[in-house]
Amino acid sequence: WTLTQTALVWKVVRERENGRLVSMKIARPLLVLLHVVLEVRALRYSNGYYYQTIENSNGDGEIYFNGVRLHVESPQTSVSAIQGSNVTLPCHYRYVPELSAPRRTRVKWFWQPATGGGREKDVMVALGSRHKSYGDFRGRVRLRRSVPGDASLVINPLLTDDTGRYRCEIIDGLEDESVIVELEFRGVVFPYYSPRGRYQLTFQEAKEACEQQGACLANFEQLFAAYEEGLDWCNAGWLADGTAQYPVSIPREACGGTDLAPGVRSYGLRHKTLDRFDAFCFISSIKGEVYLLQHPLKLNFTEAAEACVQDGAHIAKVGELYAAWRFVGLDQCDAGWLADGSVRYPITRPRPNCGPLEAGVRSYGFLPHHLKYGVYCHKVRW
């Protein structure tokens with residue numbers, strides 16, 4: 001029933017009185033009745049909610065909520081995890097005022113890659129006990145549902161490309177609310193340079209060098225987090241965005257002078273084929289075990305690689321050794337060959353005769369392959 005229909009009724013009343021104005025004693029009860037009808041018709045009922053449609057000045061229908069309100073929230077807007085493990089992205093919904101009985105709601109999760117841009121992609125949708133997952137998430141995601149209102153997303157296992165922006169949307173009738181949760185990998189950044197020497201890598205070569213060591217080029221956020229954890233390195237390296245930067249915790253003459261404050265120093269965007277730097281690599285997972293092979297003899301590089309194969313493993317990559325040091329706490333005061341021809345060893349508990357007084361992965365650099373050392377192997381367990 002609209003205002004136009006009301007006007008027509010009023011017109012009929014006027015016409016039936018041959019143009020004479022209707023007595024207010026008759027017209028007023030009729031108008032009150034019409035007003036009540038209008039209010040009742042304006043309230044629309046949907047899935048337990050009442051909505052009121054009100055005409056604005058442009059004649060467009062605007063819906064105003066009148067009743068129970070849906071709230072969607074997350075106690076964490078950013079979650080860090082290790083690649084290859086599992087993670088839970090928290091999302092909870094509730095009603096104000098609280099309801100006495102559960103309602104039938106639809107839960108949808110969306111994902112946008114960490115690189116940004118592009119449209120959101122469907123992760124999963126759930127209604128009651130029924131759910132469906134999509135794309136690369138198929139078979140790896142589920143809702144936790146530990147308590148009423150829990151719509152948290154569980155991803156298991158985490159893959160390389162899973163980082164990014166996740167959106168949890170709760171739909172109840174005409175009501176829908178959502179919350180954003182960012183997922184990033186917790187990992188370790190390590191500097192890497194070519195066996196040919198310092199500042200020998202183009203951007204593409206740096207990218208490939210990190211990948212050959214089981215890692216990827218770090219981004220600025222990852223390098224900055226490593227700097228905050230104490231990474232101090234006086235050689236500039238490529239980052240994933242094409243810039244060359246380096247972290248300095250202790251200012252000194254050899255690293256830009258003592259007048260500059262500590263921080264991550266940048267050469268800005270560089271030419272990807274003409275300019276050459278080292279690389280900052282990032283790794284966030286370890287699958288299996290990295291260990292110093294127990295062997296009665298010291299080995300040259302070729303013998304070391306063969307010994308790992310005979311033990312059902314392969315010679316460890318630099319990234320795998322860093323991951324074992326960071327995530328598992330590998331601590332070994334014995335130098336060993338790695339797959340790139342370098343000799344290194346991991347220390348989590350600094351002590352005399354094991355290098356500097358801070359934890360880290362020590363490196364002897366790239367040595368002649370005929371020299372004899374131990375070897376670090378990597379055996380995949382899953």
Side-chain angles (χ1 to χ4, degrees), residues 82-84 185-195 197-198 201 206 209-218 222-239 246-250 255 264 277-294 298-299 301 304-305 308 313-367 371 373-379:
I82 299 174
Q83 180 186 338
F185 284 149
R186 183 173 69 253
V188 57
V189 172
F190 61 94
Y192 191 82
Y193 62 91
S194 168
R198 301 285 188 182
L201 303 173
C210 289
E211 291 171 352
Q212 289 167 3
Q213 300 312 311
C216 63
L217 271 179
Q222 292 161 350
L223 181 62
F224 187 79
Y227 156 74
E228 290 186 314
E229 293 175 358
L231 180 61
D232 183 281
W233 196 255
C234 200
N235 296 93
W238 288 105
L239 296 183
Y246 63 101
V248 175
S249 299
I250 304 174
C255 297
V264 176
F277 296 95
D278 295 340
F280 285 104
C281 305
F282 175 81
I283 187 168
S284 61
S285 68
I286 180 170
K287 293 183 177 180
E289 178 188 7
V290 174
Y291 58 97
L292 180 71
L293 181 66
Q294 300 301 313
K298 297 295 184 182
L299 308 168
F301 177 73
C308 286
H314 66 256
I315 188 169
K317 301 174 181 179
V318 176
E320 293 167 345
L321 184 65
Y322 269 95
W325 166 72
R326 171 57 61 89
F327 304 136
V328 183
L330 182 62
D331 183 276
Q332 193 75 49
C333 195
D334 298 279
W337 289 107
L338 295 179
D340 66 341
S342 64
V343 176
R344 309 177 191 240
Y345 63 100
I347 295 295
T348 56
R349 296 179 293 103
R351 52 198 180 274
N353 302 319
C354 290
L357 297 180
E358 60 269 356
V361 174
R362 323 289 197 217
S363 176
Y364 288 175
F366 298 94
L367 301 180
L371 296 180
Y373 287 96
V375 60
Y376 286 93
C377 304
H378 177 225
K379 185 175 293 185

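We're numbering straight along the sequence, starting at 1. Remember, predicted model here, so these are calculated numbers, not experimental data.
- Checked against the 6.0 Å centroid threshold, Tyr345 and Tyr373 do not count as a close aromatic pair.
- When atom types are taken as modelled, the side chain of His378 and the backbone of Cys308 share no donor-acceptor pair closer than 3.5 angstrom.
- When the SG-SG distance for Cys281 and Cys216 is compared with the 2.5 Å cut-off, it comes out at or above that value.
- The heavy-atom pair separating Trp233 from Arg198 by the smallest distance is CZ2-NH1, 3.5 Å.
- Inter-residue side-chain proximity for Pro247 and Leu223 is flagged as met; some heavy-atom pair is nearer than 4.5 Å.
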Practice task
Evaluate the criterion side-chain contact (heavy atoms from CB on, under 4.5 Å) for residue pair Ile286 and Ile82; output intermediate values, then yes/no.
Solution key: CA-CA 9 Å; Ile286 180 170; Ile82 299 174; over 6 Å; no

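- Between the side chain of Trp238 and the main chain of Leu201, a donor-acceptor pair closer than 3.5 Å is present.
- Taking CG of Asp232 as the reference point, atom OH of Tyr246 lies at 10.5 Å (rounded to 0.5 Å).
- Atom CZ of residue Phe301 and atom CG of residue Leu367 lie 11.5 Å apart, to the nearest 0.5 angstrom.
- Although no hydrogens or angles enter the test, the distance criterion places no donor-acceptor pair under 3.5 Å between the side chain of Asp340 and the main chain of Gln213.
- The CD atom of Gln332 sits 4.5 Å away from the CG atom of Leu292 when rounded to the nearest 0.5 Å.
- In this structure, Tyr192 and Val318 have side chains that are in contact, with non-hydrogen atoms separated by less than 4.5 Å.
- Of all non-hydrogen atoms in Phe327 and Ser284, the two that sit nearest each other are CE1-C, 3.6 Å.
- Closest non-hydrogen pair, Gly197 versus Asp278, comes out as O-OD1, 4.5 Å.
- Interatomic distance, OG of Ser285 versus CZ of Arg186, reported as 12.0 Å (0.5 Å rounding).
- Counting all heavy atoms, side chain and backbone alike, Asn235 lies closest to Phe280 at O-CZ, 3.7 Å.
- Within the model, atoms CG of Asp334 and NZ of Lys298 stand 5.5 Å from one another, a figure rounded to the nearest 0.5 Å.
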Decide yes or no on side-chain contact (heavy atoms from CB on, under 4.5 Å) for Val328 and Val290, but give the supporting numbers first.
CA-CA 9 Å; Val328 183; Val290 174; over 6 Å; no

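- Using the six-membered ring where Trp is involved, Tyr322 and Trp325 have ring planes that are perpendicular, over 60° apart on the 30 and 60° scheme.
- Across all non-hydrogen atoms, the minimal contact from Tyr376 to Ala335 is CE1-C, 4.3 Å.
- Under the 3.5 Å distance criterion, the side-chain polar atoms of Arg362 are left unmatched by any main-chain donor or acceptor of Ile347.
- Under the 4.5 Å side-chain criterion, counting only non-hydrogen atoms from C-beta, Val188 is in contact with Ile283.
- Interatomic distance, OH of Tyr193 versus OG of Ser342, reported as 8.0 Å (0.5 Å rounding).
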Check the pair Asp331 / Arg351 against side-chain contact (heavy atoms from CB on, under 4.5 Å), numbers first and verdict last. CA-CA 11 Å; Asp331 183 276; Arg351 52 198 180 274; 2.8 Å; yes

